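Keep in mind the model is a prediction, meaning the values are calculated, not measured. Just so you know, ligand 1 is whichever comes first in the structure, and atom 1 is the first atom listed for that ligand.
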Amino acid sequence: SKAQLFDKEKGTNVTFEDVAGLEGAKEEVQEIVDFLKKPQKYTDLGAKIPRGALLVGPPGTGKTLLARAVAGEAKVPFYSLSGSDFVEMFVGVGASRVRDLFKQAKDKAPSIIFIDEIDAIGRARGKGMAQGSNDERENTLNQLLTEMDGFGTNTGVIVLAATNRADVLDRALVRPGRFDRQIHVDLPEVHERKEIFKVHLKPLKTDDSIDIDFLAKQTPGFSGADIANICNEAALIAARHDKKKVSKQDFLDAVDRVVGGLEKKNKLISDHE
Ligand code: ATP
């Protein structure tokens, strides 16, 4: 589905409509869309356009989706990389990847760069990892800092980065002129889960037994990604029973299955701690 959503040259075709709930976060990123679309409105007044913002929140809450929607709404290209890609990289590769990415984004400006899991490269230096493996990560982080400083005040490139641990980030990253804004992307409340269910129910063939209010109430603590997963599981379960439509019971079974999966995952995590 990544391929469908993402075309480097044309940008993404994701819009704010695809992002359910997250009203506060959407309002904040709306300003970034405006920076990309009408930079002069700001620069004419002598304002410096922010270079970066951090999207902070638990896994699966729609940070990547929101970043894509910013690019989609502004109709600008979207360049992305994930911090976890850099974990096992050869010396020099991480830094040169960062350099290439910024070069491409500047060439095609206005544009968005999105760095998922920035904590994997942006952890405070000299902490966390074993000696040795740290060097390449530090090179990558330093390159990222250099690139962000190298921007003029208006290169038309805005860097969004996602993390679920803003507290572990290197101070240098969150200094003014770098990622100096934080946008919180939290787990959805019941009314937001309802909106997320609506988005993910849309492509499904469902029968009249479906009750979105009930589903939203049954899923406290679930992320948008969990809800997307439930909707697809429900359709798979219905298909397995050769049904023509997905029913309420299929959703309940899907919730059980996803809850079971989450419990297993949590158990694995706590066993390792
Ligand atoms: P991670 O921190 O694990 O990278 P994330 O916060 O970036 O997660 P996404 O990758 O954006 O989360 O979400 C995964 C998928 O979950 C989305 O592609 C979408 O299908 C669904 N989803 C998550 N949040 C929302 C939302 N608010 N509205 C609609 N769909 C959502």
Quick one: look at His200 and ligand 1, take heavy-atom pairs under 4.0 Å, and tell me if it's side chain, backbone, both or neither. side chain
Mark up the atoms of ligand 1 that fall under 4.0 Å of a heavy atom belonging to [X], in ascending order.
{"X": "Gly62", "value": "5 (P), 6 (O), 9 (P), 11 (O), 12 (O), 23 (C), 24 (N)"}
{"X": "Gly60", "value": "1 (P), 2 (O), 3 (O), 5 (P), 6 (O), 8 (O), 12 (O), 23 (C), 24 (N)"}
{"X": "Ala20", "value": "26 (C), 27 (N), 28 (N), 29 (C)"}
{"X": "Asp18", "value": "28 (N), 29 (C)"}

Quick test of your reading of the model: are Arg178 and Asp149 salt-bridged, counting only N-O distances below 4.0 Å?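 A salt bridge is present here (some side-chain N lies under 4.0 Å from a carboxylate O).
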Please determine if Glu73 and Lys26 form a salt bridge, counting it only when a charged side-chain N lies under 4.0 Å from a carboxylate O.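 Looking at Lys26 together with Glu73, the answer is no, because their closest N to O distance does not fall below 4.0 Å.
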Give me the one residue out of Asn229, Val258, Leu187, Leu215 that meets side chain to side chain contact (heavy atoms under 4.5 Å, CB included) with Phe222.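 Testing each of Asn229, Val258, Leu187, Leu215 against Phe222, the sole residue satisfying side chain to side chain contact (heavy atoms under 4.5 Å, CB included) is Val258.
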Please say whether Thr64 places an N or O atom under 3.5 Å from an N or O atom belonging to ligand 1. yes
Any nitrogen or oxygen of Val199, side chain or backbone, less than 3.5 Å from one on ligand 1? no
Do Gln30 and Asp34 have a side chain donor and acceptor closer than 3.5 Å?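 No pair is found: no donor N or O on one side chain lies under 3.5 Å from an acceptor on the other.
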So which of Lys106, Lys103, Arg51, Arg97 actually passes salt bridge (Lys or Arg N to Asp or Glu O under 4.0 Å) with Glu147?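 The single option meeting the salt bridge (Lys or Arg N to Asp or Glu O under 4.0 Å) with Glu147 is Lys106.
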Mind checking whether Asp18 and Val199 have side chains closer than 4.5 Å, heavy atoms only? no
